[in-house]
Amino acid sequence: MLWHCQSNETGIDQMNLFAEIRALVIDTLSAMAANGSLPEGLDMAQIAVEPPRDPAHGDMATNAAMVLAKPAGKAPREIAEALAARLLADPRIVAADVAGPGFLNLRLATSLWQGVIRTALTEGANFGRAAVGAGRRVNVEFVSANPTGPMHVGHVRGAVVGDALARLLAFSGWEVTREYYINDGGAQVDVLARSAYERYREANGLEPEIREGLYPGDYLIPVGEALKAKYGDSLLDKGEQYWLAEIREFASDMMMQMIRDDLAALNVKMDVYSSEKALYGTGKIEAAIQALRDMGLIYEGTLEPPKGKEPEDWEPRVQTLFRSTAHGDDVDRPVQKSDGSWTYFAPDIAYHYDKVQRGFDELIDIFGADHGGYVKRMKAAVSALSNGKVPLDIKLVQLVKLYKNGEPFKMSKRAGTFVTLRDVVEQAGTDVTRFMMLTRKNDVTLDFDFAKVLEQSKENPVFYVQYANARINSVLRKSRESGLDCGDASLATADLSLLSHPAEIAMAKKLAEWPRLVEIASRANEPHRVAFYLNELASEFHGLWNKGNDDTSLRFVQDGNAATSLAKVALVRATGVAISAGLAILGVTPVEEMR
RNA sequence: GCACCCAUAGCUCAGCUGGAUAGAGCGUUGCCCUCCGAAGGCAAAGGCCGCACGUUCGAAUCGUGCUGGGUGCGCCA
């Protein structure tokens, strides 16, 4: 699925007012260079056009004069004055004031802000769509839980962050693949098989022996029954060598089906499931290691024991090592154990090599924070195997701490030892869970209180944003009842110059930030920024709504004045468009009415 | 010992890839409903941005060294 922004003939993104004005600034500076008032060939990359911290400074501020002062050999204020004079010739700029060390504060024609409203109405669900991806392909790998049981809370955040990031990137012009790497090649799936075998014995009327180290969860009982249905009692008196491989596959398939269902309950759908086990026996691991060997990055050697925390049974061993230090890692990493079998790192290298070979322009991995030590070696491998051409961004997702009414929450309904994803979704709901998981930056721990997330008050950001959307729908309902045609097409014809109150323009300015925010968030791979923006947008709207209490001219539906009502409702609807677009990135359904 | 993450208002956290007088919510104090949904809104108070150097026109943001908390460090994935 490929989307592109509308672009004008200069290739500038028309939907982003900040980008539009930045282009104007740069064009103007280029013209100044052409007529000799500035040197030719200046680097404009560092020039920014941003909303100023203090609204009193104007609508937008640019640092152009300060950035160019040194290379141009001129005083910043001198450049700023000259730039200001030229910018004022453009009808979009109504004021340009030099301030401080050389800032240029710009005030834009009100019609530009009003125009944002029309843009939102005509773009609809595409309002804010960015072009930063430019059709490039990105692979987002996330969750990748071992197929040994149902998903638990620890997986929820990674699943939501990964999926929201995928949605954000798709909205920003990337072609996105969501991928799950099934860790079905290691010892855990053997443990799973043995645990399932005990449940199989149980299904046949025998007493299961859930020894230490096996998985005790009762989610394996249905697996045992399914095994009985398939094999009857034929495996009961057989040794492990007869059934291990078969049950391993059978059980992990059932676990993966459970995990898919869990993900579906979170409204997460993967595009690709890749199996670790499938890498074995295909030569893919060997090929990946050989590729590294051809670069001179594989050697036989022994590692130094880690200082300060030396394992008790440490003995120097010769291993096959990957020279990851050549690509930024701190020590070289083993890819083969001393007995010649692969370490867990080897298939991971092969898997990432596979992703590189599939032609992605960028890779993103979402890991739990406890895998932080794994980041450098993985980046080293991808750097080596792609000749530094494919960037790998790894996002570490921190712990979620569960509470109920401020008390730590430990209960588990299903699995005996941990709170499952199902527990969370059943208690909090999919939309609430998803939104809450994005109310913190990925690398800080997040408190999740089952009581507070369902509270209907402004301290609950989910409610606060949904409530704004409900109010918006309430306005639309009321204006329809009053006979106004509130279709988007009709609203887009409104005379928006009737919106002149500072509070209304402020609302439009907030809307104008949306396309810019999408760009920033997608460049940083940080979907949480969308959640924060939605909270700010909702706050702006609640404020405007309440001003109607004191100032009746700010009420949205003005009896007997259809033209003014149409313009005001257009602003309201445009806000709703932005909220819906933002919620869509979070994967949250907008509600039309609070219960 | 080494690496990575975190440290910002009393509390929980944002902070635009270096911009101006550092923001929001909660809590505290005081206001706003004969009025489209007050499940809201407005205002005040609250800060050595962990510490110290450095980079430059300019640092919460970048670099170095510390302090404190977390995570991890060869035959587990």
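Every chain is numbered from 1 and lettered A, B, ... according to where its sequence line falls, protein lines coming before strand lines. Note that the coordinates shown come from a computational prediction; the quantities given were computed from them, not determined experimentally.
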Go along nucleotides 72-77 of chain B 5' to 3' and tag each nucleotide: B for a protein heavy atom under 4.0 Å from its base, S when only backbone or sugar atoms are that close, - otherwise.
-> SBBB-B
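- For the residue pair A/D97 / A/H57, no side-chain donor-acceptor distance below 3.5 Å is found, with atom types taken as modelled.
- Ring centroids of A/F450 and A/F448 are separated by less than 6.0 Å, placing the two rings close together.
- Applying the 5.5 angstrom centroid cut-off and the 30 degree plane-angle cut-off, the aromatic ring of A/W545 is not stacked upon the base of B/G41.
- B/C4 and B/C62 have their P atoms separated by 14 Å, with the value rounded to a whole Å.
- Of the candidate nucleotides B/C4, B/G40, B/C36, B/C36 has the atom nearest to the side chain of A/K478.
- Considering only heavy atoms from C-beta on, A/R194 comes within 4.5 Å of A/L244 through its side chain.
- Counting to the nearest Å, the C1' atom of B/C36 and the CZ atom of A/F556 are 9 Å from each other.
- Comparing the P positions of B/U61 and B/G50 gives an interatomic distance of 8 Å, to the nearest angstrom.
- Pairing partner, B/A52: B/U64, with both Watson-Crick or wobble hydrogen-bond distances short of 3.5 Å.
- For A/Y180 and A/Y273, the ring centers are positioned less than 6.0 Å apart.
- Pair assignment for B/A3: B/U71, on the basis of Watson-Crick or G-U wobble contacts that are both within less than 3.5 Å.
- Distance check on atom C1': B/C13 versus B/C76 gives 36 Å, rounded to whole Å.
- Taking atom CG of residue A/L106 and atom C1' of nucleotide B/A20, one finds them 15 Å apart after rounding to whole Å.
- Distance check on atom C1': B/G25 versus B/G41 gives 14 Å, rounded to whole Å.
- Listed by first then second residue, pairs satisfying salt bridge (Lys or Arg N to Asp or Glu O under 4.0 Å) with a partner in residues 441-462 of chain A number zero, not counting sequence neighbours.
- Going from the P atom of B/U12 to that of B/G70 covers 15 Å, rounded to whole Å.
- Counted by atom type alone, A/T320 and A/E300 present one or more donor-acceptor pairs between their side chains at under 3.5 Å.
- Rounded to a whole angstrom, the distance from the P atom of B/G15 to that of B/C32 is 36 Å.
- We find that NZ of A/K70 is positioned 17 Å from P of B/G18, with the value rounded to whole Å.
- Closest to the A/L396 side chain, of the nucleotides B/G19, B/G25, B/C4, is B/C4.
- The cationic atom of A/R516 (NZ for Lys, CZ for Arg) lies less than 6.0 Å from the six-membered ring centre of A/F18 and within 45° of the ring axis.
- For A/V557, taking side-chain heavy atoms from C-beta onward, the closest of the listed nucleotides B/A38, B/C36, B/C32 is B/C36.
- Under the 3.5 Å distance criterion, with hydrogens and angles disregarded, a donor-acceptor pair is assigned to the side chains of A/D339 and A/S341.
- Close to B/G41, at under 4.0 Å from its OP1 or OP2, lies a side-chain N or O of A/K458.
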Which letters describe nucleotides 11-17 of chain B, given B = protein heavy atom under 4.0 Å from base, S = only from sugar-phosphate, - = neither?
-> -SSSSBB
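- Using a 4.0 Å heavy-atom distance criterion, A/A99 is classed as a base contact.
- Distance CG (A/L554) to P (B/G41): 16 Å, rounded to an integer number of Å.
- In this structure, CG of A/N105 is placed 8 Å from C1' of B/A20, rounded to the nearest angstrom.
- Stacking between A/H57 and B/A20 is shown: the ring centroid lies under 5.5 Å from the centre of the six-membered base ring, and the planes differ by under 30°.
- Of the residues near RNA chain B, A/V375 and A/G548, the one whose nearest nucleotide (by heavy atom distance) lies more toward the 5' end is A/V375.
- Among the heavy atoms of the strands lying under 4.0 Å from A/E593 is at least one base atom, whether or not backbone atoms are also near.
- Close to B/G41, at under 4.0 Å from its OP1 or OP2, lies no side-chain N or O of A/K547.
- Across the C1' atoms, B/C49 and B/G40 are found 32 Å apart, a figure rounded to whole Å.
- A salt bridge links A/E526 with A/R529; the closest basic N to acidic carboxylate O contact falls under 4.0 Å.
- Note on A/N535: nothing from the nucleic acid sits closer than 4.0 angstrom, heavy atoms only.
- Using cut-offs of 30° and 60° on the angle between ring planes, the pair A/Y344 and A/Y374 is tilted.
- A 3.5 Å limit on both hydrogen-bonding distances identifies B/U28 as the Watson-Crick or G-U partner of B/A44.
- Side-chain contact check for A/Y351 and A/E179: at least one donor-acceptor pair (N or O, by modelled atom type) lies under 3.5 Å.
- Atom name C1', nucleotides B/U29 and B/G10: the rounded distance is 15 Å, in whole Å.
- The interatomic distance linking A/Q46 (CD) with B/G58 (C1') rounds to 14 Å, in whole Å.
- For A/R77 and B/A20, the CZ to P distance is 16 Å, given to the nearest whole Å.
- Atom CD of A/E304 and atom P of B/A3 are 16 Å apart (whole Å).
- Both the sub-6.0 Å distance and the 45° axial angle are not jointly satisfied by A/R377 relative to the ring of A/F322.
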